[in-house]
Each structure stands twice: as C-alpha cells, then as structure tokens.
Amino acid sequence: MNWFQRLSKTGRMEKELDAELRFHFETQVAEKIQTGMTEAEARRATRLEFGGLEQIKQDCRESRGTLWLVSIVQDMRFGARILAKSPGFSVTAIVVLALGIGVSTLAFSLYNIISLQSIPVRDPATVVRIQRRSPENITPGVPYASIAYYRDNAKSLAAVMETMGGAPMLLDRDEKRVSTAFVSSNYFSELGGTPATGRLFDAARDDSASAPVCVLSFRLWQRKFDGDPSIVGKTIHLGKKPVTVIGVASEAFASLGTDDPDIWLPILQHAYFVEGSKPLADPKFEGLIGMWGRLAPGVNRSSAEQELLSLTNQLRKIYPTVIWDHEYILVTPGAHFFTFEAGPGRPPVLQIVGLLVFLILTTACANLGGLLMARGAGRQQEIQLRFNLGARKLRVFRQLLTENLLLGLLGSIAALPLSYGVLRLVLVYSNAPAWMSALPDWRVFLFTSAMGFVAALLFGLLPSLQMVRRKKNRSLWHQFVVCAQVGASCVLLILAGLLVRATLHTLYSDPGFGYEQVLSIDPGMSEHGFTSTQAQAYLDQLQNRLRAVPGVTFVSTARVPPLVNTMVMITSIDVAGHRIMIYPNWVGPDFFQTMRIPLLRGHYFHNGEKNAVILSESLARKRWPTEDPIGKQWEKSNNVVVGVVGNTRAMELNNTDATEIYYPPTADDFPGMSVLVRTAGDPNTITPAVKAIAGSIDTGLYPTITPLTAGFRKNVSTVEQIAAIISLLGSIAMFLAVVGLLGLVSYAVSQRTKEIAIRLALGANRVEIFNAVLRRFAWPVLVGLVAGVAITAGLSQVLRRALYGISGLDPISYVGAIAILIAILAAAALLPIRRAFQLDIARTLHSE
Amino acid sequence: MTTPSKFDLPQGTLDLLILRVVALGPIHGYAIAQHIQTISKEVLQIQQGSLYPALHRLENKNFLVAEWGPTETGREAKFYRLTAKGRTQLKTETETWARLTEVVAMVLQHPLGETS
C-alpha cells in the first residue's frame, strides 16, 4: 500500500483503528470484571489506564505517515477560510500577484510561441534549418549552388527545401504591394500543407518547367478575392507579369521561419519574375536563400552537421572563393518560428526581458511581503492562541506557508486569463500567423504554477518566519523587508521613467535632418541584376530628368535612404579601447543639401571625388577629441576626412548616440542605390510625375516611391508603442508601490497604537507623533532608495548598450521616481495615521 | 494494580519486544501487551499509548502485516504477523541488543568504573 492508497482508504483505516482500540478496551474491561469488579468500575478503571483515546489515535495516524497529506488538506481548508474572512486583503494580494506573475507569464507565453512550440507541420522534430558559419562570419543564407550540391550528396538529409523572400510586388493594379516568397517545389508536400482550394506546388509535377504559377495565401485569398474558389486557373499579374493561380494554401498552413508571405512562387521561376536575376546561377550570390532540411530517419543534428562539414570541404575545391576559411554548417531545429541565437554582438534580448520580468515579480513580492507583515501584526493574537493551545512551531509555520502557497496559486490562476487576454491582443495587432494561439499549453501552465510557488516563497517566507518566531526584537527583519520593498519599487520606477523619457525625448526633439519634403525612390536595380555601368547610367538619367521637374530643389543618391529601410548597416572602430558603433552611408554630392544636414567644417563631396570621407560631428569628436579632423587619414585607409557635418538620427531615430560616416559611392554601390528628391512644396504633388519618369527610363523596373514622412511616422509609432508598454509597466510598479507602502505604514501604526494613544493623552503635538511613527522607517527607506538608485545606475548601462541610446543617469527620471515614491509613502502614511488620531484613547489604553 | 518497579523502556526497545512476541505466531495487540507483561513478570507495563503507535509504525515499515480474524471468545480482532523482512529485522536487532548489553555491562563492571 502506498500513501495514496492509504489516503484514499482513510475512512476504512479510521474505522479499523477504532475497532482495534475498542477491542483492546473491551477485552481489558472483561478481564477486570472477571477479577470481581462491577462493569461500571471496570470501565472507569480501564478508561483511566487508557488515557486519551484520541491522542493514541492521532499518534497512530502519525506513525502511519499519511498525516502530512491529510493535514495539508486541512491547512488548505483553514487557509481558504482565513482568506475568505478578510476579502479586502485577499483581493489586493491576488491582484498584486496576478500582475507580478501575469507579466512573467505573458513574456514566457510569447517566448513559448516563438521559440518553444513547434509550428504545425508534418513531423516537426525532423525539420531543420541549415546555415553557414565561420569564426568571422554569420549569415542566414546559403548560395543556391551550394544547396544543390548538399541536396545531391547529403545522405543525412531526406529532403532539402529552399525559401527566398522576394521584394514586395505589384498585384494587378493595386496601390498596395503584396509580399512574396520563392520556395522549392517540394516545400508544401514536405511540410504536409494542404490546399484550401486548387492544388499546391508539387515536386513530382515540376512546376518550374511549365508556365509561371503561384499559390495564394489564405489571407490574401480572403482579402483580395473574397474567398472565391473560381480564382484557381485564372491569371493574375505580379509586377505586370502574368502568372496562373494554381491554388490557395489552407488557413492553418504554417510557413517556415518568420516569413508569412501573401503569395508563394516557385524558386526555379525566380528569373521570370525578377528580370536579370542571377541567384540560382551565381554561386557567389549573397542573397538570402534559406536552406531547410528534413533529417533522414535515425539521423540527429550533430551527425548531419558532421556530414555537411565534410561536404563543405569538398565544395571548397569547386568554389574556392565562395567557401570561407574554417566554414562549418550549423543545423538547428527548423520547426520553430524564431530561434534566439546567443553570440557576441547580439543583444541579450532574452536576458534583459527575463531580468525586467523578474524585477516586476520581485517588486510585487516585496510589496506583498510588507502587506503580509502588516497583517501578521494583526494576527499575532490568533497565532499566540494556537501556541497556547499546544500547537508546535513547525506546525504553525507550515500552516502559514500553506496559506501563502494558496495565495500564490490563486495569483497564478488569476494571472492566466490576464496574460491570455493581452497575448490575444498582441497576436491580433501584430497580424500573427493563424496557427499561433494565445491559449496556454502545458509549458505555460507549468511555468505559471512554478512562478506562483516562487512568488509564495519570495513574499511569504520572511513574514511567516517572523510571525512564528516569538522574539521581541524583530526589527531587523522588518527593516530588511522595507529595504527590499523600497529598493525594488525604486528600480522599477526609475527604469520606467528612464525608458519613457528617453524614447519620447528622442522622438520630439530635432532629428538633425529635414525629412518633411523628401521622396525616396528605390529602383530595385540589384534585384534585377543591373551591372554597375547600367546602374550608373540609369541613376544619372533619373537624376537629370528629376531635376527638370518643376518644384524639385535638390536630387541626390544614397545607398541607405534614411527612415525608409528597415535594414541599416553598422560598422565600428576602436578608439582608445572603446568600441564606437558607426552608421555608414554612401551618398552623392548633393545628399547633405537634399537632407538639410548642415556642413560644419571642410566641404561636401565634389562630383566624382574619391578617397574622401565626411564625418558627423559626434564621430569626429570621438575620434579626434582635441584635433582638427580635416585632412586627417581615416583608419588605415587611403581615405581623407574632407568635411564634418551635423549629427543626425537618420538611421536610428531613438538613438541620440548615433555617429555617422559618409563615403562617395564606388562602382559596386550603384546597383543598390536609391534616389532622394527634395521638393519646394508638398512632395505628394509631384509623385505622379516622379512615378512616370522612373517607370519610363527602364520598363523592366518597378521603383518603390516612399515619402520620408511616412517612414518617420512608422518609426515614431514603433517607438511610441515601446514607450506605451514601458509606461504600462511603470504604472504597474507604481500600483505595487502604493499597495506595499500602505501596508507598511498601517503596520507601523498598528504596532504603536498604544504609544500613540499615550502621547495623545499627554497632549503631544500631532506632527511629533507623525514623525515618531515614521522615524524608524527613515533608515531602511533611505538605504532602499540608495540601493535602488545604485542598482538602476548599473542596470541602465546594460540597457543603454542593448536597447536604446538613453542616458542612463538622466537626473529627472531619478529625482522623479524618488519623489513619486516619497509622495506615495506620505500619502500612504496619512490614512492609517489619521485613523490612529481618531482612536478612542481610553479604550486603547485599557485594552491590554 | 501494583508492580514491583516501573521504568521507561529505552528508545526502540519496545519495537524489538513486539517483534519478538509477534514472531511466536499471529497475535492481537491486547495479547502482545499481556504477553510482554507476563514474561517480564509484571515488570514491564506496556501502555496502549505506546503500543499501538509502535504497531502501526512497524506495519508501515512492512515488518508486520495485519489481518482481521476471530479470537477464542469469538470477537473480531486485528492479528499481527511477522513478515520475512520483520524476521530479518528481529534477528539483527536481537544481535545488536545482545552486543550492546554485553558491552554496557562490561564497562559497568570494570573496576575503573567504581573509582571516583
């Protein structure tokens, strides 16, 4: 019999125990009657000999070893009654816990969806992502020629799939472009995708050889074609090129990786849609062709890596210039939305989020701990009574702990719907793929209950210990709890303030350049395989014709047009041991006038100038703090600094630390360049003219025209969303601080009710009493504040490097947070003290 | 009821006595107490308050198993019986006890023990 069986048979065991003892009792009585006693006498004597029957039973139960479980159930029931008796406290505690645990559950749920859950494809465990790595290089893509080689030779892979994100394309005559992805013909069949209507690409049919075809996503089918099944077999135009729709993927189909395209196209037909494209033919092509595989039965990832490494070494003989030194192949689980990869230069996103989440949980627990301590003072009599009735210390402690665990559990339960609701909103607003579900799975349940448990220990251990220890001097514990409470709230409030202020400040201050009247035109030449001579000719012609348009004041070229690209380049130099991150750009001579970036020293680029660089003022000052940079050689190159221009935040709007370096474009840069146009009036009025000119020079190109204001607005809204999330966390922190500090002061007052009464009776000044009550908190609060400030100053340095270029020591955030805390403390103090002033002096003094 | 002298059994000794008595054959709690009392010539009085928790503890350790059955008077009682594990335990415990008393006696009877 194990303990569970024993417990489930508790009823029978009880009956048997009773019968056994009764038998003993009756036998003894019978014996005594035989010696000549009357029955009544015999019973009385036996009862005396037996002592407490209940006590014997209890000892028997205890020696049976099931008692702890029974008593936990008892404790739970008792705890529930205690909580139900003070609903105000219970609700507050559960809300505080739900917030603290809810935030961590939300963060974990997101991580779970993104990285832990498998996407719904056939046999997800064997789907792998395959990437190139070397000690110097990281790239997500693999050249097509290499993929073909691996596919033909790797025995560890049962199948190889390719995906390649395409540029957004015009669909028929729509204004809005649709996103596309090129995939191998086995893509759908390998992943077990099913069509909603029509058919999907079929490896056996080899669609690549036939006329151009495409598969629509369920979302686009609904949005654009109202779910009309007759679309199958019809011809649509993508970038003005006719293509036949063969089917629609089902709504539940999950694509690999983070791509969630509107339309899938066969990768072998890439050249048809993107004229002059060469990724399939050119082994040196650095485009982003993603390689995926399905492991052969019985093969694990590391043995696949080994085989692919040896194949890579053979590949090096065929394409010596393509394969890097010490190149190896990284095989990672493929059936996840996104895999966080640690490594130098990658921001420790997981760690930072984890830290923030833990900080919020800690703050919640520290504040709840304060509240609990306050309540403990009120329960002192109850606890004392239980000791007096003979309860053991451990028993009472366990009872209190069970109560806290119950609270933790209730907090976890309340956290789940909270996290679910927010997660649903997030998924809806971020247009998440249909398979992503906000419903918690077993991992989330496990995590949340674990968090409830951790929280219960965090907030409950100290106050419970202190309630059981019947020592007079408990002030050290109290002061520790107060320190933790104030410190944790302080860290959270300052961080929230810092982040909000930094994001908003950078948004509403001058970005350092004029973006309002500028259009960006991206011809997309590199996708279409333009050579540098072709590209230069096109750019020259486009610029000349644009300059002739009335209302156009400046025209320039730039490799990275500000605010438009989501991808920016970044490089770095070391100055006296410090690494400086620099945004490089390759720009035409008129770039600075077009963008209204002021020239501070030297001159702008001349037409056709070579071996020259222009620095932003911030970069110049960091590199040569005391010297004149003009004429200096730039970092072991034969480039000479010819000018210094104003700082801009063109590449990262919320980074005030950004430094820039500008180069004149070289021939290799031309195919990737965009054109910027500044107008005297509203740039939208000349958009049609620009469109006409750009389209007429080369009819094979479909330039993307974007006003920079649109890019700016998009950037701003992203930053504002981040600020909103942080503000929300900040208000949670504030709420937690209010609850905790209110509890704290109530406690202090309740401890000193008698003293206050005496002082009042003796006619003391109320301000004096106020001071006397709060004085003992002065040191712990001060220490908490100082510790909080110190921790935040340290943390903000980490945040600064990883998130935004905020000033980690912004005085307003610090002073503001401290002021808020003290204000909360004062407000929290007023309520209980007011109550104390109204107390009945005579009754209070008589009560003990 | 008078007894020449009553004393507390050392920790764990009761378990040993119970095992010894139960080794004679299936027996119920009351008889165990009687038996110990008789054999010890009324020196050892086993209190119900220690007997039954000890029985349940030994049952829980699988040294004893219990079955309900009729007594000579026809009443239903809980009869305890030694398991194989209990028999081994009895053997080792008896040996330990013998060695312990021997050693304790040796120390107590040593002439040095009388000095000071």
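Atom set for the values below is all heavy atoms of this structure, side chains included, hydrogens, waters and symmetry mates excluded. Convention: sequence-line order gives letters A, B, ...; per-chain numbering from 1. Here the structure is a predicted model, which means the values were calculated and not measured.
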Q | Arg20(B) atom CZ, neighbour heavy-atom count above 12 within 6.0 Å | A | no

Q) Taking it one step at a time, do Arg75(B) and Phe23(A) satisfy side chain to side chain contact (heavy atoms under 4.5 Å, CB included)? A) CA-CA 8 Å; Arg75(B) 291 193 55 154; Phe23(A) 166 76; 4.0 Å; yes

Q. Which atoms of Thr71(B) come close to chain A, meaning under 4.5 Å heavy atom to heavy atom: side chain ones, backbone ones, both, or neither?
A. side chain

Q: Calculate, to the nearest 0.5 Å, the distance between atoms OH and OG1 belonging to Tyr30(B) and Thr27(A) respectively.
A: 6.5 Å

**Q.** Which atoms of Gln34(B) approach chain A - backbone, side chain, both or neither, heavy atom under 4.5 Å
**A.** side chain

Q | Test item: side-chain donor near acceptor, Gln48(B) and Gln28(A), under 3.5 Å | A | yes

Q: Compare every heavy atom of Cys60(A) with every heavy atom of Pro53(B), then report the nearest pair and how far apart it is.
A: N-SG, 3.5 Å

Q) Shortest non-hydrogen contact from His24(A) to Gly29(B)? A) ND1-C, 4.2 Å

Q.
Tell me whether Glu95(B) at atom CD has more than 12 heavy atoms from other residues, nucleotides or ligands lying less than 6.0 Å away.
A. yes

Q. Does CZ in Arg22(A) sit with more than 12 non-hydrogen atoms of other residues, nucleotides or ligands closer than 6.0 Å?
A. no

(Q) Go through it in stages, so that I can follow the logic: the residues are Glu20(A) and His56(B), the test is side chain to side chain contact (heavy atoms under 4.5 Å, CB included), and I'd like the CA-CA distance, side-chain angles, deciding distance and then a yes or no. (A) CA-CA 11 Å; Glu20(A) 187 178 18; His56(B) 282 258; 3.3 Å; yes

Q: Give a yes or no on whether Phe453(A) atom CZ has more than 12 heavy-atom contacts from other residues, nucleotides or ligands under 6.0 Å away.
A: no

Q: Measure Leu58(B) against the heavy atoms of chain A and call it side chain, backbone, both or neither at under 4.5 Å.
A: neither

Q. Would you say the side chain of Trp68(B) lies within less than 4.5 Å of the side chain of Glu16(A), judging by non-hydrogen atoms?
A. yes

Q: Give a yes or no on whether Arg44(A) atom CZ has more than 12 heavy-atom contacts from other residues, nucleotides or ligands under 6.0 Å away.
A: no

